[in-house]
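What follows is a short report on a single structure.
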Amino acid sequence: MNEPRTYEHSVIEPKWQQTWESAKAYLVRDDLPREKCYYVLEMFPYPSGKLHMGHVRNYSIGDAVARYKRMRGLHVLHPMGWDSFGLPAEQAAIERGAHPGTWTYENIAYMRGQLKRMGFSYDWTREFACSDPGYAAREQDIFLDLVEKGLVYRKSSLVNWSTGLNCVLANEQVVDGKCWRTNMPVIQKELPQWYLRITHYADELLGNLSALEGSWPDAVLSQQKHWIGKSQGAEIDFAVEGHNDLKLTAFTTRPDTIFGVTFMSIAPEHRLLDRIVPDSHRAAVEAFKAEVRNVSAQERTGDTAEKKGVFTGAFAINPVNGHKVPLYAANFVVADYGTGTVMAVPAHDDRDHAFALKYGIEIIEVIQPVDPAKAKPVSEAAFTEAGVLAGNCAQFSGMPSDEAKIAITTWLTTSAKGRAVTTFRLRDWCLSRQRYWGNPIPYAYTDKLGAVPLRKSDLPVTLPTDVVFDGKGNPLEKHATWSVTANDGSPLSIRGPQGPEVARRETDTCDTFMESSWYFARYTCHDNTKPDLGCAAPLDKARVDHWLPVDLYIGGIEHAVMHLLYARFFQKALCDIGYTTKREPFKRLLCQGMVCMETLYRENPGEKKTYFYPDEIDVERDAKGRVFKATAKTDGAPVQIGRVQKMSKSLRNTVDPQSLVEQYGADSARLFVLSNVPPELDVIWSEDGIRGSHRYLKRLWVLCTEHAARLATVAPYAGKAADLAGADQSVVRKVHAVIKRCTDALEKDFAFNTAVAQCMELTNELKPDALKPEVLKLGLTTLVRLLAPMCPHICEELWRELGAPGDVTSAGWPAYDESEIAGDSVEYPVQVNGKIRGRVVLDRSLTGKALEDTAMAHETVKAAIEGKTIRKLIIVPGKIINIVVA
RNA sequence: GCGGACGUGGCGGAAUUGGCAUACGCGCUGGGUUUAGGUCCCAGUACCGAAAGGUUUAUGGGUUCGAGUCCCAUCGUCCGCACCA
């Protein structure tokens, strides 16, 4: 036995990182058959300053997959870059006077160092930042391609205005009526903005989701499905009494209920409302509109919001029966969904029912349940299911409601009073942002021509560097010359039909979700070691088609509808432009859980809680290890133990990955975030937890190094388990079983937690003194290979220490032999009426009578069946024996 | 309200997909090494019981020789969406 070497992670980790870097170990070629390739990608980070534990978890999972796939012999594309446009850079500019670019690129340099210190196996030659001139310029090219495809338009309408960011937001970025970034209220504002026609792809975005079932988390699929929100129904035109020149069109999914319409509701913002309202009711309607306008979005749509309306004084005519029904302006009708007008059928819609009761409006039943047991007076509750049309529905009476939907729509269509329509909840993507630190929208305006796209030869539009950040409005708008100066310094002009015209640039920049919508494609053809960046066009079709779709994409569930929907849309648009033929970007999606931690706080009556860092607290535990008391070290007074929550600075439940790496090493940190929990669940950080991971690596280290001399000269045991006895035999069997289980765990669900558990089990069985050296060597080299994707540095070091040839990655993932796992004998549990009464060890080949006899001869089994009749005997070969008695 | 996921020791979780419930880790208990320990090693640790043995996967029922796993109901938790006509 040797004196074991000390496990010095701070020495071996940088050593291997340098080795990998100088060997260019993770560069990948583009010219290999696709089936031998694998593209794994983690959502790239915003360069906020330094890595947090969420990054460490996300990238540890991705890196373990990348390294595992490499050990399986695949050529793995595993790139990294920076989502580097965005608001915090401008905030930093306001606060500390640094230019957003300076701040951003300093952060990138620092965080790149941190990623390298974690030992992640990226192909750094493909790295880029979205704010790099090369990437931003190519995105402007794509923007013009989108313009050409008719996917870009400018429209003035009510937009979501973030009071926190002072800029517009896309619908996806409004969460609970608040801004997704700042949590500040969002109000509605009328503004002209640039839009991307994502709705053009609504059907395909929805339809393709079914092909992703099983490969994407259900939660993401259902969120996207709901967000796209497809409804099939009809648009029906209602005449307005006294206005021959206009009509109100209502969208409904229940045209079968049209004979039950007793009123109509209209959005207060509806464009026709002012023309319809008679003077007698104008004051009341205006008052109602003002009331609706004055409440914020979340109050109007929140669950406590009261359904309210006001009679407009106008009447609509039901096209099927000529009935005259009152028109109400109602706060729950949304102007930009459907047509902003609803035909109300209180007998068959819950909300219309409540509204009718409140305002004393008639309720007419037109659908009757097929099952009479379900019949209830419609004055009590709306009947919202399918049924049969009642006798008051003219020629449609007696028709099942599903048939009537079609028949009535057909009738409306032939009478030119309506038409079949499919409506989506999905809105077009509002792309423009009134900010500096983003990619400029390549448009300009002239007095005569209005908005004109720039020509590709006039690109790129680059951001000026001499700007002032005072926190008020868009700095680009306030720049003296930028918006009227061409790239060559001359006054900006646009060639119109009558010659050049003076122009000024668009000062809006693109939503930063634009950059993250195609970066994964750009990685496939980007090379930052070459002057033309490897691909002068935005994308190189051959390479994009070679690598896409990404085999495995890993990131947080918070992007379920924003980034992941935009990226899917962009992929389709890029396809139609001709940059690729792959219509879906991500084959498999893994949404990793958050990194959480207990919170510690004190209540302050009437004020916010005071939170404590864990090292400011002492805890006491009872005999079972439950914490029952926590006190602050400073004053000894009690502190509340709060919920486990996502790490955040304001809750003081964070831990800095940097300090973990310094104290325990990157391998321990990586192992910790991969152990104990499957990737999609939240992981709870604890000091004890990381010490456990570190302790395990130290154990493995000692086990390998103290026997290094003895093991260096022998080869790992390569024979049959049957040729060994005792502990040697069971270790060989265990090795095969553990390899199988690790392989299955990673192949199926990326279940690193169970793979780690398997490795620990094997470690527990490796008792050096009881084993032949070649068996011990088999066990240890197997462990090192299985753990290498997760803890690459220590495994590479131990691989050498054990005297194994080459490096652990090229040694590959170990193989197993199924027949070596199970021995010739099986221990059968013997149940009597489903309860285990004994165990018998039998030859695997034994069947039938001999097996039954041995089982029943077992002492405790015999006692359990004594004096009873044997009804049935179930034998599952290799598994279990169950004796049924009565 | 609608949609989805899920309830397993003190805690995080495992269970080869209907076949030995509680793997692995944390914590805790006892013992040892150490001047010391945020060290390391050994043993124990679902519950009840002195033991024999019995009980246990939120609760109640069902299917089955056999259920954590399948079916039904109830309770509870988490997530998403929310006047979507």
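The chains referred to below are lettered A, B, ... by the order of the sequence lines, with proteins before strands, and numbering in each begins at 1.
Following rounding to the nearest Å, A:Trp227 (CH2) and B:rG4 (C1') show an atom-to-atom distance of 17 Å. Summarising the geometry, the separation between NZ on A:Lys230 and P on B:rA85 is reported as 14 Å, rounded to the nearest angstrom.
Contacts between residues 212-222 of chain A and RNA chain B, defined by a heavy-atom separation below 4.0 Å, involve no residue at all.
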Anything under 3.5 Å between a donor and an acceptor, one on a side chain of residues 226-233 of chain A, the other on a protein residue two or more places apart or in another chain? List them.
residue	atom	partner	partner atom	Å
A:Trp227	NE1	A:Glu172	OE2	2.8
A:Lys230	NZ	A:Asp203	OD1	2.7
A:Ser231	OG	A:Tyr337	OH	3.3

Extract all donor-acceptor atom pairs below 3.5 Å that involve side chains of residues 339-348 of chain A and protein atoms in other chains or at least two apart in sequence.
residue	atom	partner	partner atom	Å
A:Thr339	OG1	A:Thr249	O	2.5
A:Thr339	OG1	A:Phe251	N	3.3
A:Thr339	OG1	A:Thr341	N	3.4
A:Thr339	OG1	A:Thr341	O	3.2
A:Thr341	OG1	A:His270	NE2	3.3
A:His348	ND1	A:Phe383	O	2.8
A:His348	NE2	A:Val366	N	3.0
A:His348	NE2	A:Ile367	N	3.0

Tell me which donor-acceptor pairs under 3.5 Å the side chains of residues 869-886 of chain A have, and how far apart each pair is, sequence neighbours excluded?
residue	atom	partner	partner atom	Å
A:Asn882	OD1	A:Gly834	N	3.2

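Neither side chain, A:Ser686 nor A:Asp688, offers a donor N or O lying under 3.5 Å from an acceptor on the other. If you check the side chains of A:Arg425 and A:Asn171, you find no donor sitting under 3.5 Å from an acceptor.
Heavy-atom distances to RNA chain B give each of A:Asp749 and A:Gln223 a nearest nucleotide, and the one nearer the 5′ end belongs to A:Asp749. The residue among A:Val683 and A:Gln758 whose nearest nucleotide of RNA chain B is located toward the 5' end is A:Val683.
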Short N/O separations, protein against nucleotides 14-16 of chain B, under 3.5 angstrom:
none

Polar pairs (N or O, both sides) under 3.5 Å between protein and nucleotides 34-44 of chain B?
residue	atom	partner	partner atom	Å
B:rG38	N2	A:Tyr664	OH	3.4
B:rG38	N2	A:Glu687	OE2	2.3
B:rG38	N3	A:Arg691	NH1	3.4
B:rC40	OP1	A:Lys698	NZ	3.4

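Not counting sequence neighbours, the partners of A:Lys698 by the side-chain contact (heavy atoms from CB on, under 4.5 Å) test are A:Tyr7, A:His694. For A:Met760, the side-chain contact (heavy atoms from CB on, under 4.5 Å) partners at least two apart in sequence or on another chain are A:Tyr696, A:Val756. Qualifying side-chain hydrogen bond (donor to acceptor under 3.5 Å, both in side chains) partners for A:Glu558, counting only residues two or more places apart in sequence or in other chains: none. Every residue two or more places apart in sequence or in another chain was checked for a salt bridge (charged side-chain N to carboxylate O under 4.0 Å, His left out) with A:Glu598, and none qualifies. Residues passing the salt bridge (charged side-chain N to carboxylate O under 4.0 Å, His left out) test with A:Asp749, sequence neighbours excluded: none.
In this structure, B:rC40 forms a base pair with B:rG32, meeting either the Watson-Crick or the G-U wobble geometry with both donor-acceptor distances under 3.5 Å.
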**Message:** Output one letter per nucleotide in nucleotides 51-67 of chain B: B when a protein non-hydrogen atom lies under 4.0 Å from the base, S when only the sugar-phosphate is that close, - when neither is.
**Reply:** ---SS---------BS-
